[in-house]
Amino acid sequence: MKILAIDTSSARCNVSILENENVLIDLFNDDEKTHSVKLMPMINEAFKKTNLSLDDIDLLACSIGPGSFTGVRIGIATIKSFADVKKIPIVGISSLESLAFNVKNLSAEKSIVCSLIDAKNNNVYYGLFSFQNNICSEITINSDNINIVINEIKKIITNYKNIIFVGDAVSVYYEKLNENFTNIIFPSKEKNMQSGISLANAALIKYNEGKYGDSNSISPIYLRKSQAERAFKEKIDILPMTEEDILTITPDFNNNFDQFWNITNLENDFHAQNTKYYIAKLNNQIVGFAGILIVCDEANIMNIVTKVDKRHLGIASKLLENIIDVSKKQGLTSITLEVNANNKYAIKLYENFNFKRIGFRKKYYNNTDDAILMTRDLKN
């Protein structure tokens, strides 16, 4: 399998072509301000020197951030156009995970990799990863762990031993990290730079796991949500659903919330044993709801629904955060769900909250659409 990988998320612009894990060519340019100018000539050079073309590529890989706002958009726009024109599958990789692959060979049993990207003003973007049998797993602390003051890092990973720090923030905060941790490894300087090779290696593993899609399957991870988005999310209240709430959303349920479901199903599920339902309210208006069914020590997500004109504003994320919090407080060990294989936004949401794919059901929805089974372990 031939993989074209591009990373424009940092000061370095990377273009690499690999055949499986064998590097055919690896190019980079360190002038951050010229990514938009240099990227296409670098891709053309890579094809020319390998005697290949886009028609020979089997998989596209792209960094989706966090990183340079403009840089991330340049890379994603380019790779999306290739995927659309040539119908090539695409994999998006977090720049934090890509950094972890830089030091995969240094990662031993019971060690973790802490990727650090400098976010200025004593802030870093970080991710924690471990490697077992060549598979990279992200260790999720909480859903908002991407941005943090460097002084808080010690509190987050104080219980871990054998820590490998990697990323451009390592040189910036070397002394602080060295003072606060023992049993740590600092890799060689070049390992702290984004790499197209590492990006391709990470993408190949995800492809083999079935985690790929078309151009609609990737979107940027921006450095931080805007103040307006954060303020909006703070205004959303999550409350237990009541009979009155059901009566409120009944009159125009199918137009406002879900045309494929009906209010009778919601009422039946609400009154069933071992179910819990919650609503999201904004300015005293119901803008979403979610329900779980508890069986033994496991929660199954029955639905997460957002009002049609309020979608993609973080409401589903807040409902999911509440479900995870409630499940943990109740001492449950895991959460499972089924999601329509065509619902890329929902799949991305669950993956962002560390849900893993565990199965597949053919024609599960209305005997037409397939379902993906996902789970999240709550014990760790």
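Any value given below was found using the heavy atoms of this structure, including those in side chains, with hydrogens, waters and symmetry copies removed. Just so you know, these numbers come straight off a predicted model, no measurement behind them.
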Criterion side-chain contact (heavy atoms from CB on, under 4.5 Å) on E138 and F129, from CA distance to verdict:
CA-CA 4 Å; E138 183 175 6; F129 303 89; 3.9 Å; yes

CA sep, side-chain torsions, deciding dist, call: L177, L116, side-chain contact (heavy atoms from CB on, under 4.5 Å):
CA-CA 11 Å; L177 295 171; L116 296 174; 3.9 Å; yes

If you apply the rule side-chain contact (heavy atoms from CB on, under 4.5 Å), what do you find for L24 with L52, and how did you get there?
CA-CA 10 Å; L24 302 182; L52 297 172; 3.9 Å; yes

For L373 and T336, run side-chain contact (heavy atoms from CB on, under 4.5 Å): C-alpha distance rounded to whole Å, both residues' side-chain angles, the deciding distance at 0.1 Å, then the answer.
CA-CA 7 Å; L373 307 182; T336 60; over 6 Å; no

Do K329 and D325 pass the salt bridge (charged side-chain N to carboxylate O under 4.0 Å, His left out) test, and can you show the C-alpha distance, the side-chain angles, and the key distance before you say yes or no?
CA-CA 6 Å; K329 288 180 178 177; D325 185 54; 3.2 Å; yes

Evaluate the side-chain hydrogen bond (donor to acceptor under 3.5 Å, both in side chains) criterion for residues T275 and D269: first the C-alpha distance (whole Å), next the side-chain angles of each, then the deciding distance (0.1 Å), finally the verdict.
CA-CA 7 Å; T275 61; D269 288 345; over 6 Å; no

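Here ring pair (Phe, Tyr, Trp, His ring centres under 6.0 Å) pairs that include residues 321-343, with residues two or more places apart or in two chains, number zero.
Side chain of S95 to main chain of P66: a donor-acceptor pair is present (N/O by atom type, distance under 3.5 Å, no hydrogens or angles). Looking only at distances, no side-chain donor or acceptor of D7 sits under 3.5 Å from a matching main-chain atom of N14. In terms of modelled atom types and a separation under 3.5 Å, the side chain of N208 and the main chain of I205 share no donor-acceptor contact. Side-chain N or O atoms of D370 include one that pairs as donor or acceptor with a backbone N or O of K363 at under 3.5 Å. With hydrogens and angles ignored, the 3.5 Å screen pairs no side-chain donor or acceptor of R376 with any backbone N or O of I335. Although no hydrogens or angles enter the test, the distance criterion places a donor-acceptor pair under 3.5 Å between the side chain of H35 and the main chain of S10. With hydrogens and angles ignored, the 3.5 Å screen pairs no side-chain donor or acceptor of N274 with any backbone N or O of L293. Between the side chain of K344 and the backbone N or O of S217 there is no donor-acceptor pair closer than 3.5 Å. Formation of a donor-acceptor pair under 3.5 Å by the K189 side chain with backbone atoms of S171 is not found in this model. The backbone N or O of S53 lies less than 3.5 Å from a partner atom in the side chain of D56, making a donor-acceptor pair.
No side-chain heavy atom of Y350 sits less than 4.5 Å from a side-chain heavy atom of I372. Residues F289 and F257 meet the side-chain proximity criterion, which asks for heavy atoms closer than 4.5 Å. You'll find the side chain of I347 stays beyond 4.5 Å of the side chain of N340, heavy atoms only. Counting heavy atoms from C-beta outward, I249 and L266 have side chains that approach closer than 4.5 Å. Between I3 and Y207 the shortest side-chain heavy-atom distance does not fall below 4.5 Å. Contact of the L320 side chain with the I301 side chain is registered, since non-hydrogen atoms from C-beta on lie closer than 4.5 Å. Considering only heavy atoms from C-beta on, K307 stays 4.5 Å or farther from I286 through its side chain. I88 places a side-chain heavy atom less than 4.5 Å from the side chain of L54.
Annotation for I79 and C62: closest pair CG2-CB, 3.6 Å, computed over non-hydrogen atoms. Shortest non-hydrogen contact noted between A61 and L199 is O-CD2, 4.0 Å. Nearest heavy-atom pair, L96 versus S115, reported as atom, atom and distance to 0.1 Å: O-OG, 2.8 Å. Between S98 and S195, the shortest heavy-atom distance links the atoms OG-O, 3.7 Å. When all heavy atoms of R12 and Q194 are compared, the closest pair comes out as CD-O, 3.7 Å. Of all heavy-atom pairs between T375 and S334, the closest is OG1-CB, 4.2 Å.
Here F165 and Y174 keep their ring centres 6.0 angstrom or further from each other.
Taking CD of E21 as the start and CD1 of I197 as the end, the distance is 11.5 Å to the nearest 0.5 Å. Rounding to the nearest 0.5 Å gives a distance of 6.5 Å between CD of E351 and NZ of K348. Between L319 atom CG and I324 atom CD1 the span is 11.5 Å, to the nearest 0.5 Å. In this structure, CG in L332 is found 5.5 Å from CD1 in I294, a value given to the nearest 0.5 Å. The CD1 atom of I90 sits 13.5 Å away from atom OH of Y212, with the distance rounded to the nearest 0.5 Å. In this structure, NZ in K176 is found 10.5 Å from CZ in F181, a value given to the nearest 0.5 Å.
Ion pairing between K120 and D118 holds under the 4.0 Å rule for side-chain N and carboxylate O.
The side chain to side chain contact (heavy atoms under 4.5 Å, CB included) with F47 is formed by just one residue from the set D55, I57, V15; it is I57.
In the displayed structure, K191 atom NZ is contacted under 6.0 Å by at most 12 heavy atoms of other residues, nucleotides or ligands. No more than 12 heavy atoms of other residues, nucleotides or ligands shown are found within 6.0 angstrom of CZ on F28. Shown here is N51, whose CG atom has no more than 12 heavy atoms of other residues, nucleotides or ligands within 6.0 Å. In this structure, E209 places its CD atom where more than 12 heavy-atom neighbours from other residues, nucleotides or ligands lie under 6.0 Å away. Within a 6.0 Å radius of NZ in K276, other residues, nucleotides and ligands contribute 12 heavy atoms or fewer.
In this view, F360 satisfies the ring-ring contact (aromatic ring centres under 6.0 Å, His included) rule with no residue, not counting sequence neighbours.
A side-chain donor from one of K356 and N354 sits under 3.5 Å from a side-chain acceptor of the other. Under 3.5 Å, the side chains of S188 and E190 contain a donor-acceptor pair of N or O atoms. For D245 and T242, the side-chain atoms include at least one donor-acceptor pair closer than 3.5 Å.
Cluster annotation: L239 is connected to M241 through the hydrophobic network of ILVMFWY side chains, with a link wherever side-chain heavy atoms come within less than 4.5 Å. The hydrophobic cluster containing M42 also contains L4, counting ILVMFWY residues as joined when their side-chain heavy atoms lie under 4.5 angstrom apart, directly or transitively. When the side chains of ILVMFWY residues are joined at heavy-atom separations under 4.5 Å, either directly or via intervening members, I93 and L204 end up in a single hydrophobic cluster. One hydrophobic cluster, built from ILVMFWY side chains closer than 4.5 Å, holds both Y173 and I163. In this structure, V305 is not a member of the same hydrophobic cluster as Y345, with clusters built from ILVMFWY side-chain heavy atoms closer than 4.5 Å.
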